Amino acid sequence: MYKEFLVAYIRNCNDFILNANGPILYRSGEDVAKRLSGKSLDEIKDLMNFEYKISEGKITFTVRDSVEVESFEKSDEPICYMLQGFFAEISKSILKLNKLRCIEVKCRATGNKNCVFEVEAR
């Protein structure tokens with residue numbers, strides 16, 4: 001039931017403030033990630049239901065079920081700002097970087113099977 005409340009909230013916020021909602025959702029994702037400080041990536045993965053792959057200086061996260069996609073439904077651009085902020089923040093300690101870039105390269109809202117985020121040094 002909580003998921004339905006969150007989906008409705010995001011949908012209504014987007015209707016109200018349109019494009020300004022992206023940075024708010026990104027920051028919310030960062031805030032949630034900060035609360036998980038000290039947990040391993042595997043512990044976080046089990047809580048958030050994502051998969052990851054670490055390669056040299058880069059982490060790729062794959063998400064099957066994004067609340068943001070359910071809120072927006074269809075979009076011409078990737079829209080998972082909250083997850084983008086979340087993955088950027090948790091990647092700082094893993095990659096031991098303060099300056100990194102997190103990009104959603106695939107999004108279910110644009111017709112892809114999964115949402116995929118790439119995090120790497122800036």
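Note that this is a predicted model, so its numbers are computed, not measured.
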- Donor-acceptor pair, Glu68 side chain versus Leu83 backbone, under 3.5 Å?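 Flag set: sc Glu68 to bb Leu83 pair under 3.5 Å.
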- Message: I'd like to know if Arg101 and Glu120 make a salt bridge, using a cut-off of under 4.0 Å between side-chain N and carboxylate O.
- Response: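 Result for this pair is yes, salt bridge flagged.
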Straight-line distance of [X] [atom1] to [Y] [atom2], nearest 0.5 Å:
X	Y	atom1	atom2	result
Glu104	Gln84	CD	CD	6.5 Å
Asp31	Glu89	CG	CD	8.5 Å
Ile44	Ile90	CD1	CD1	4.5 Å
Tyr52	Ser91	OH	OG	11.0 Å
Asn114	Arg108	CG	CZ	8.0 Å
Lys74	Ile79	NZ	CD1	13.0 Å

- Would Glu51 and Arg64 count as a side-chain contact (heavy atoms from CB on, under 4.5 Å) if you check the C-alpha gap in whole Å, the side-chain angles of each, and the deciding distance to 0.1 Å? CA-CA 9 Å; Glu51 295 180 20; Arg64 290 188 198 101; 2.4 Å; yes
- Check the surroundings of atom CG in Asp42: do more than 12 heavy atoms from other residues, nucleotides or ligands lie under 6.0 Å from it? yes
- Shortest non-hydrogen pair, Asn98 vs Lys92, comes out as O-CE, 4.0 Å
- Item | Minimum-distance pair of heavy atoms, taken over all atoms of Cys80 and Cys107 |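 For Cys80 and Cys107, the tightest heavy-atom pair comes out as SG-SG, 3.9 Å.
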- Task: Start with the C-alpha gap between Asp65 and Glu70, add the side-chain angles, then the distance that decides, and say whether side-chain contact (heavy atoms from CB on, under 4.5 Å) holds.
- Result: CA-CA 8 Å; Asp65 186 26; Glu70 290 184 35; 3.0 Å; yes
- Kindly work out whether a path of hydrophobic side-chain contacts (I/L/V/M/F/W/Y, heavy atoms less than 4.5 Å apart) joins Ile54 to Phe86. yes
- Item | Shared hydrophobic cluster for Tyr81 and Val116 (ILVMFWY, side-chain gaps under 4.5 Å) |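 Result: no, two separate clusters.
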Does the side chain of [Y] come within less than 4.5 Å of [X]'s, by heavy atoms?
X	Y	value
Leu47	Lys39	yes
Leu41	Phe50	yes
Val69	Cys115	yes
Ser93	Ser37	no
Lys113	Lys106	no

- Query: If you measure only the distance, is there a donor-acceptor pair under 3.5 Å linking the side chains of Asn112 and Thr110?
  - Reply: yes
- Message: Over 60° means perpendicular and under 30° means parallel, so tell me whether Phe87 and Phe117 are parallel, tilted or perpendicular.
- Response: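 Tilted, since the angle between the ring planes falls between 30° and 60°.
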